[in-house]
Number of protein chains: 2
Amino acid sequence: MSPIFYQKDVHLVAIDCIIMGFKDNDLHILTARRPFEPFKGGWSLMGGFVNANESVNNAAKRVAAEFTGISNIYMEQVGAYGDVDRDLGERVISIAYFALVDIELFDRSLADKFNTRWVKVSLLPQLVFDHNDMVRDTIAILQKRAAIKPIGFNLLSKEFTLPVLQSLYEAIYQESIDKRNFRKKILGMEILEKLDEKDKNSSKRGAYYYQFNKEKYDQLVQQGLHFSL
Amino acid sequence: MSPIFYQKDVHLVAIDCIIMGFKDNDLHILTARRPFEPFKGGWSLMGGFVNANESVNNAAKRVAAEFTGISNIYMEQVGAYGDVDRDLGERVISIAYFALVDIELFDRSLADKFNTRWVKVSLLPQLVFDHNDMVRDTIAILQKRAAIKPIGFNLLSKEFTLPVLQSLYEAIYQESIDKRNFRKKILGMEILEKLDEKDKNSSKRGAYYYQFNKEKYDQLVQQGLHFSL
DNA sequence: ATTTATAGTGTAAAGATAACACTTATATTG
DNA sequence: CAATATAAGTGTTATCTTTACACTATAAAT
């Protein structure tokens, strides 16, 4: 009766990464023209296979670093996608991860090497296999997670202005937010530090730069206080 | 350069099910004495391997049905667990699912067959491998999910009393809830139907039975209203 | 008839969220 | 150098949501 006496089936296990960046007031996803059959030339997420000697989490980090040139990326697992014929070539079980990167750190030489492009989430084309499902599930997770954890900062440079931070949250939630209410709430948390410099690119007056204070945040969490936007 | 020219590694892919039931005012998880090495005799979740010809979701349903005798179980994926040495015998990537069952429907003959037992979540022993992590992650998901979706009803019989429903939510959130506030909220959603019979087992006065009206709930969701407890 | 145990019920205070419009700073232009 | 144009920055009020809180009702058992 015991399964140990049967031959157990083995599977190809892949990683697919939903690599997200923020620019031009919009969330973007790194996509590539798929270089292999099946669906050669179709738009695809960044992927790779899990090797025998690496954890699934490490495989995801490896893949994300390979296509962006960035290490230490913030990543979360989205889930396993396991329909028998989800990959039309052969059976592959894929584990999807989303990655939040500061798009400024992206190594642009890799865009040529891998034929990748940052596309707006709102203008995402049809992707191969079930990759659109993965993106949809990612956005659902991101909306929930961003509301209760300060993960949005991973999408910004270390220094950012409040108008940019607000437009990031508007992009994530896909709805506009009242400026005064947003500032009241985010500044009320006391996890941001106001700097003396201003960003004068987007307005004549200029907007002050802020930076996220992780130490203060961790301290507040320990006191039982919670991020909530 | 293309990975297609390399031998790709293949993996054993397992399912582990966190099968949850509700009785005696507490959440319970189905556990079994593990019948194989490694860790033969250790407490374990219900597991199995994904076959070549079945989707991962179907494998999870198969495993859950095999150990409970119940089909059409409410299940959600918890995530993939992929450390290289998480299973000390051989490398196995496991995909965990939680299942919510009406414990009354459990086929008790299977408890003998598989040497399983329902144990209180609050008294869960140490489990083999990373199974305790899976349980912890399940409870975190369950707490969030139960707050925004009426999934708790999957743990109850079709007819239930409000005191029982409240104790279910108290068990999920691991905190006590004010009786009046709870009733106000849940009845205010208008997704419950009051029946004429009472349950007289737990009190002299008896508590009215209610049942969940899924049609009404779906209708309200379409109108943009949301469950929130 | 009395006791006992759980079911059932409403209101008010506090806190969170949502709605709303004008002033300020500064680069650019005439 | 005065006027203009543009985005940054700032408080208050109303509404809704959440929380806190204590007594009455029902019916079985004695």
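All values derive from a computational prediction rather than experimental measurement.
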J.: Does Gln126(A), at its CD atom, have more than 12 non-hydrogen atoms belonging to other residues, nucleotides or ligands within less than 6.0 Å?
T.: no
J.: Provide, to the nearest angstrom, the distance between the CG atom belonging to Leu229(B) and the C1' atom belonging to dT18(D).
T.: 13 Å
J.: I'd like to know if Arg205(A) reaches the base of dA25(C) with its side chain, counting only an N/O donor and acceptor under 3.5 Å.
T.: no
J.: Pick the closest DNA chain D nucleotide for Ser203(B) and for Arg183(A) by heavy atoms, then say which residue is nearer the 5' end.
T.: Arg183(A)
J.: If you pin Lys200(A) and Lys179(B) to their nearest nucleotides in DNA chain C, which one's is more 5'?
T.: Lys179(B)
J.: To the nearest angstrom, how far is Leu165(A) atom CG from dG9(D) atom C1'?
T.: 15 Å
J.: Can you tell me the distance, in whole Å, between the CE atom of Met189(A) and the C1' atom of dA16(C)?
T.: 13 Å
J.: When you measure from the centre of the six-membered ring of Tyr208(B), is the NZ or CZ of Lys194(B) closer than 6.0 Å and no more than 45° off the axis?
T.: yes
J.: Mind calculating the distance between CD1 (Ile186(A)) and P (dG9(D)) to the nearest angstrom?
T.: 14 Å
J.: Hey, is CZ on Arg117(B) packed in by over 12 heavy atoms from elsewhere, all under 6.0 Å?
T.: no
J.: For Thr161(B), report the nucleic acid contact type (base, sugar-phosphate, nothing); a contact means any heavy atom under 4.0 Å.
T.: nothing
J.: When you match Asp178(A) and Arg180(B) each to their closest nucleotide on DNA chain D, which lands nearer the 5' end?
T.: Asp178(A)
J.: Apply side chain to side chain contact (heavy atoms under 4.5 Å, CB included) to Glu175(A) and Glu170(A), showing your working.
T.: CA-CA 5 Å; Glu175(A) 61 183 25; Glu170(A) 289 176 330; over 6 Å; no
J.: Using a 4.0 Å heavy-atom cut-off, does Lys184(A) contact any base of the nucleic acid, only the sugar-phosphate backbone, or nothing at all?
T.: base
J.: Would you kindly give the OH-to-C1' distance between Tyr208(B) and dA27(D), to the nearest whole Å?
T.: 12 Å
J.: From CG of Asn201(A) over to C1' of dA8(D), roughly how many Å is that when rounded to an integer?
T.: 14 Å
J.: Just the rounded figure in Å: distance from P of dC21(D) to CD1 of Ile177(B).
T.: 17 Å
J.: With nearest nucleotides of DNA chain C determined for Lys185(A) and Lys194(B) from heavy-atom distances, which residue corresponds to the more 5′ nucleotide?
T.: Lys194(B)
J.: dT6(C) base to Lys204(B) side chain: any donor-acceptor pair below 3.5 Å?
T.: no
J.: How close or far is atom C1' of dT17(C) from atom CZ of Phe182(A), stated in whole angstroms?
T.: 15 Å
J.: Could you go step by step and tell me if Asp16(B) and Arg86(B) meet the salt bridge (charged side-chain N to carboxylate O under 4.0 Å, His left out) rule?
T.: CA-CA 13 Å; Asp16(B) 282 301; Arg86(B) 54 170 292 283; 3.8 Å; yes
J.: May I ask you to evaluate whether Lys198(B) reaches the phosphate of dA27(D), defined as a side-chain N or O under 4.0 Å from OP1 or OP2?
T.: yes
